[in-house]
Amino acid sequence: MLTHSIINLLGIKDKHVEIFDSGEEQGVFWFELHTRVKMQKCPKCKSRTKRIHSYRMQKVQSSLVAGKRVYLHVKKRRYRCTTCGHIFYEKLSFVDRYQRHTLMLAQEALCLCAEMSFKHAGMLAGVSTNRILRMFDTRSIPVKKVLPRAITIDEFKGDAGGLKISNDYCRCRKS
């Protein structure tokens, strides 16, 4: 029951992730997470496989708990597709591919950026300013993709010696 509560506190939704070991050293909490073997879908040929190729430990930073940093040591599995031979990592919902922080930490840091500067948000979230900027750059901001029918300029200041010239005068002068 306690393990389940810790998994929920860390924001891990995967059912096949289990806490193997945990501890506290020098004001830092750490958890060693292992995953159970399950059928995986090959990203290349879409066939299903359970064949394990190798293991790798990945250190992932999570959001602060009680004002202390939290590091997750995740034992990730690499699978080999029995059909096409492609080697791939298992997918985990709490960390994106090639990232060293959880999605929950990224969400917290970006919410803090809405209220304060990147530097102060980084100090409160426990990450560097550069990491927050990279998190911010990877997020897509929805933009209106339809351009207006016409873009007009009413007047401009050109080589008229400080006088404003209307568009009609410019069109006549060019032709």
Side-chain angles (χ1 to χ4, degrees), residues 3-25 27-81 83-143 145:
T3 306
H4 181 68
S5 299
I6 293 172
I7 294 270
N8 287 340
L9 179 69
L10 295 173
I12 299 172
K13 304 268 190 283
D14 295 322
K15 300 290 184 199
H16 65 286
V17 176
E18 299 171 339
I19 295 178
F20 182 74
D21 196 11
S22 63
E24 179 185 3
E25 294 174 359
V28 175
F29 292 121
W30 59 269
F31 297 94
E32 187 173 333
L33 304 176
H34 290 196
T35 57
R36 290 189 300 268
V37 178
K38 68 176 203 170
M39 290 295 282
Q40 298 286 328
K41 191 192 304 186
C42 175
K44 193 171 181 182
C45 70
K46 307 295 186 225
S47 65
R48 298 181 60 80
T49 184
K50 237 182 176 182
R51 179 152 183 225
I52 298 168
H53 177 71
S54 63
Y55 293 92
R56 174 181 166 243
M57 289 298 284
Q58 181 181 7
K59 186 177 178 181
V60 178
Q61 184 180 358
S62 186
S63 55
L64 301 175
V65 173
K68 296 181 181 180
R69 289 183 185 223
V70 177
Y71 287 101
L72 309 175
H73 300 276
V74 184
K75 187 174 183 180
K76 291 178 78 172
R77 248 182 221 98
R78 287 175 57 185
Y79 288 91
R80 177 187 294 273
C81 179
T83 308
C84 67
H86 184 69
I87 298 170
F88 58 95
Y89 280 105
E90 61 187 329
K91 290 191 181 9
L92 298 172
S93 68
F94 59 93
V95 63
D96 277 338
R97 191 174 182 190
Y98 303 123
Q99 298 302 311
R100 294 183 189 166
H101 60 269
T102 61
L103 294 173
M104 192 168 146
L105 175 65
Q107 184 73 23
E108 278 183 22
L110 292 174
C111 286
L112 288 171
C113 288
E115 301 293 326
M116 56 191 70
S117 69
F118 289 117
K119 183 177 180 178
H120 288 106
M123 287 171 46
L124 288 176
V127 296
S128 69
T129 308
N130 289 334
R131 183 182 277 189
I132 285 197
L133 288 170
R134 286 192 304 269
M135 289 177 196
F136 191 77
D137 288 341
T138 58
R139 299 290 175 184
S140 62
I141 300 171
V143 182
K145 296 186 191 243

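Quick note: numbers below take in every heavy atom, side chains included, and nothing from hydrogens, waters or symmetry partners. By convention here, the first residue in the shown sequence is residue 1.
Put simply, the side chain of I12 reaches to within 4.5 Å of the side chain of L33, judged on heavy atoms. The shortest distance between side-chain heavy atoms of I132 and C113 falls below 4.5 Å. Residues P43 and H86 meet the side-chain proximity criterion, which asks for heavy atoms closer than 4.5 Å.
Within a 6.0 Å radius of CE in M123, other residues, nucleotides and ligands contribute 12 heavy atoms or fewer. R97 CZ: 12 or fewer foreign heavy atoms inside a 6.0 Å radius.
Using a distance-only test at 3.5 Å, with no hydrogens or angles considered, a donor-acceptor pair links the side chain of T49 to the main chain of R80.
A distance of 10.0 Å separates CG in D21 from CZ in F31, rounded to the nearest 0.5 Å. Of the inter-residue distances, the one linking L110 atom CG with L105 atom CG reads 9.0 Å to the nearest 0.5 angstrom. Rounding to the nearest 0.5 Å places CZ of R48 at 11.5 Å from SG of C42. Taking NZ of K46 as the reference point, atom SG of C84 lies at 10.5 Å (rounded to 0.5 Å). In this structure, the separation between CD on E90 and NZ on K41 is 16.0 Å, given to the nearest 0.5 Å. The structure places CE of M104 at 8.0 Å from NZ of K13, a figure rounded to the nearest 0.5 Å.
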With side chain to side chain contact (heavy atoms under 4.5 Å, CB included) as the criterion, how do F29 and S22 come out once you've worked through the C-alpha distance, each side chain's angles and the decisive distance to 0.1 Å? CA-CA 8 Å; F29 292 121; S22 63; over 6 Å; no
Before you tell me yes or no, could you show the steps for R77 and Q40 under side chain to side chain contact (heavy atoms under 4.5 Å, CB included), namely the whole-Å CA-CA distance, both residues' side-chain angles and the distance that decides it to 0.1 Å? CA-CA 11 Å; R77 248 182 221 98; Q40 298 286 328; over 6 Å; no
One pair to check against side chain to side chain contact (heavy atoms under 4.5 Å, CB included): D96 and L103. What are the steps and the verdict? CA-CA 7 Å; D96 277 338; L103 294 173; 3.2 Å; yes
Can you list the steps and then say if E32 with M57 is a side chain to side chain contact (heavy atoms under 4.5 Å, CB included)? CA-CA 9 Å; E32 187 173 333; M57 289 298 284; 4.0 Å; yes
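For R139, the salt bridge (charged side-chain N to carboxylate O under 4.0 Å, His left out) test picks out no residue, with sequence neighbours left out.
Between C45 and T83, the shortest heavy-atom contact is SG-CB, 4.1 Å.
Within the structure, the side chain to side chain donor-acceptor pair (under 3.5 Å) test picks out the following pairs touching residues 115-132 (sequence neighbours left out): Q61-R131, S117-H120.
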When the side chains of residues 67-74 are checked against the rest of the protein, which donor-acceptor pairs come out under 3.5 Å, sequence neighbours left out?
from	atom 1	to	atom 2	distance (Å)
K68	NZ	E24	OE2	2.4
R69	NH1	Y71	OH	3.4
R69	NH1	G126	O	3.3
R69	NH2	G126	O	3.4

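Cation-pi check for R78 over Y89 is met; the charged atom lies under 6.0 angstrom from the ring centroid and within 45 degrees of its normal.
Using cut-offs of 30° and 60° on the angle between ring planes, the pair F20 and H34 is parallel.
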